[in-house]
Amino acid sequence: MQTFKQLRKRLLPLLLGGLFLTLALAGCGKTGKLDEGDCKCTISFVDIPRELSMLEDNVKKNFSIQLTLKNITNEKQYHITLDQDNSFKKEISLHPGVYSIYTLYASQSSNTGISMAADVQSVELSADKPSEIHVFVDNAEEFTQHWMSVQPMPEMILADKFDGHIQINRQIVDLRADNASELISQLDVTYENQVPAYGKIEVSDGQMGVRLTLQNQSDSPADWHSCKLIGIYVFKNNVVFPQGVTLGMSPETVCHNTEGLYGEPDKFSRSLLYGWGFDDTYAIYKDEKTGDKITVNLGSGNSSIQSIQYDLAQFD
């Protein structure tokens, strides 16, 4: 039995790898090449908001627009990327036919608040008539508002990482306040019941990308608004942390041992999916003075910060 378990342990990664490869190859069967025909089509990003050029450096570097065309006859798909490398413009050459816009999105939507649209739903390609597709920011005003909301206020830039404050909706909130009512007022969260004595609950605002952990630190049931915040988890770029840290920044900007805003972490940890291409690295900071802890998710491949968890010292 022990031998079988050892064999299974060795074979499982190989079997899963084979399954992933099979699925990938099956998906590639309907993927076409962008230069396989004689019909020209130019896809370009137009009416680019000026705020795009003022995004945080790492967010701006990794920003791209992903568009997929689908031939309505043979259902073959064509994947186009617009980014800084091609000046957000791409010319492709396909076979004659009608192609619908199958998908269109901005790669940094959770960090920028950008949603995309196109001036056509489909395009008919022919050899004697070049075609164009223009894509643009569908929510330009909302994008501008989002960009403004995550510009760090001076107080946040000057704050120590364990200062205990965050910036949300251009408001500075004290995480160590007696209750979480001020932070709750900035979010769309609710809880129907009272919280039992010393009980904990979680409430989330998916649109803002914020989850709160609250604790009733009394010996009798209490309204959830009066509970103490003991943790905040942020997974969308709508919150500014001390020293101006926001999601989407490069790990080096925050966690470099000498040049990072937060300096060298106290320790690192990795997810269980390490080595499969989906692994995340977590940088963990612990404040000996307050007992607070900050956990920074550096993202798959350490490309950009994906989430931040701030845990306050727990009530015993």
Side-chain angles (χ1 to χ4, degrees), residues 51 54-60 106 108-115 139-191 200-215 223-250 253-254 261-262 283 285 287 290 292-299 304-313:
E51 289 84 5
M54 295 184 281
L55 291 173
E56 193 277 329
D57 287 344
N58 197 58
V59 174
K60 182 169 59 177
Q108 293 282 307
S109 59
S110 64
N111 291 326
T112 63
I114 287 180
S115 62
N139 61 336
E141 184 174 343
E142 291 179 15
F143 164 59
T144 298
Q145 292 175 350
H146 176 271
W147 176 84
M148 292 178 63
S149 71
V150 295
Q151 298 308 297
M153 298 170 70
E155 299 94 320
M156 296 307 299
I157 294 176
L158 297 174
D160 177 77
K161 62 178 176 287
F162 287 111
D163 181 77
H165 291 80
I166 61 167
Q167 174 187 318
I168 182 170
N169 295 326
R170 299 298 292 174
Q171 301 291 321
I172 295 179
V173 175
D174 182 5
L175 300 179
R176 300 192 182 108
D178 291 339
N179 59 63
S181 59
E182 184 179 8
L183 180 53
I184 290 171
S185 69
Q186 300 297 323
L187 302 169
D188 183 13
V189 293
T190 187
Y191 188 78
K200 298 178 185 178
I201 64 169
E202 288 187 346
V203 292
S204 298
D205 183 338
Q207 188 69 29
M208 287 290 288
V210 176
R211 184 179 72 221
L212 308 180
T213 303
L214 307 173
Q215 183 183 41
D223 181 79
W224 68 286
H225 284 88
S226 65
C227 290
K228 185 78 170 63
L229 179 76
I230 60 172
I232 176 172
Y233 174 68
V234 177
F235 55 94
K236 287 186 179 180
N237 187 21
N238 290 306
V239 173
V240 180
F241 287 86
Q243 299 184 37
V245 169
T246 55
L247 302 192
M249 283 183 165
S250 69
T253 299
V254 179
L261 293 170
Y262 284 4
Y285 298 87
D287 185 23
T290 63
D292 292 357
K293 182 175 73 172
I294 299 173
T295 303
V296 182
N297 182 347
L298 306 183
S304 63
I305 291 174
Q306 300 297 305
S307 66
I308 296 178
Q309 170 90 24
Y310 193 111
D311 292 303
L312 290 99

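- Between the Asn169 side chain and the Gln186 main chain, a donor and an acceptor come within less than 3.5 Å of each other.
- What you find for Tyr262 and Pro242 is that their closest heavy atoms are OH-O, 2.8 Å.
- In this structure, Gln306 contributes its side chain and Ser304 its backbone to a donor-acceptor pair below 3.5 Å.
- For Gln171 (side chain) and Leu183 (main-chain N/O), no donor-acceptor pair under 3.5 Å exists by modelled atom type.
- Closest approach of Thr253 and Met249 over heavy atoms only: CG2-SD, 4.2 Å.
- Closest approach of Ile305 and Ser250 over heavy atoms only: CD1-O, 4.3 Å.
- Here the side chain of Gln167 pairs a donor or acceptor atom with the backbone of Gln151 at under 3.5 angstrom.
- The salt bridge (charged side-chain N to carboxylate O under 4.0 Å, His left out) contacts involving residues 150-168 comprise nothing, where partners must be two or more places apart or lie in separate chains.
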(request) Run the numbers on Val296 and Tyr285 for side chain to side chain contact (heavy atoms under 4.5 Å, CB included), then give the verdict. (result) CA-CA 8 Å; Val296 182; Tyr285 298 87; 4.3 Å; yes

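- In this structure a side-chain-to-backbone donor-acceptor pair under 3.5 Å is missing from Asp205 to Val210.
- In terms of modelled atom types and a separation under 3.5 Å, the side chain of Asn139 and the main chain of Glu142 share no donor-acceptor contact.
- The side chain to side chain donor-acceptor pair (under 3.5 Å) test with His146 is passed by exactly one of Thr112, Asn238, Asn111: Asn238.
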(message) Applying side chain to side chain donor-acceptor pair (under 3.5 Å) to Ser110 and Gln108, what does each step give before you reach the verdict?
(response) CA-CA 6 Å; Ser110 64; Gln108 293 282 307; over 6 Å; no

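- No donor-acceptor distance shorter than 3.5 angstrom exists from the side chain of Asp311 to the backbone of Gly231, with no hydrogens or angles considered.
- Separating the CG atom in Asp174 from the CD atom in Glu182 is a distance of 7.5 Å, to the nearest 0.5 Å.
- The shortest distance between side-chain heavy atoms of Val234 and Ile166 does not fall below 4.5 Å.
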(request) Any chance you could lay out the side chain to side chain contact (heavy atoms under 4.5 Å, CB included) test for Leu55 and Glu51, step after step, and finish with the verdict? (result) CA-CA 7 Å; Leu55 291 173; Glu51 289 84 5; 5.9 Å; no

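- The one candidate from Leu229, Asp292, Ile230 that meets the side chain to side chain contact (heavy atoms under 4.5 Å, CB included) condition with Leu175 is Leu229.
- Inter-residue side-chain proximity for Met208 and Ile168 is flagged as met; some heavy-atom pair is nearer than 4.5 Å.
- Put simply, the side chain of Lys236 never gets that close to the backbone of Leu247: no donor and acceptor are under 3.5 Å apart.
- In this structure, Arg211 and Gln309 have side chains that are in contact, with non-hydrogen atoms separated by less than 4.5 Å.
- Taking the six-membered ring wherever Trp is involved, the centroid distance between the rings of Phe241 and Tyr310 does not fall below 6.0 Å.
- When every heavy atom of Gln215 is checked against every heavy atom of Cys227, the shortest pair comes out as O-CB, 3.3 Å.
- Enclosure of atom CE in Met54 by more than 12 non-hydrogen atoms of other residues, nucleotides or ligands within 6.0 angstrom is indicated.
- Atom CG of Asn237 sits about 13.0 Å away from atom CH2 of Trp147, to the nearest 0.5 Å.
- Rounded to the nearest 0.5 Å, atoms CH2 (Trp224) and OG1 (Thr190) are 5.0 Å apart.
- Enclosure of atom NZ in Lys293 is not indicated, since only 12 or fewer non-hydrogen atoms of other residues, nucleotides or ligands lie within 6.0 angstrom.
- Minimum heavy-atom separation, Met153 to Ile172: SD-CG1, 4.1 Å.
- When every heavy atom of Leu214 is checked against every heavy atom of Ala180, the shortest pair comes out as CD2-CB, 3.7 Å.
- At least one side-chain heavy atom of Thr290 sits less than 4.5 Å from a side-chain heavy atom of Arg176.
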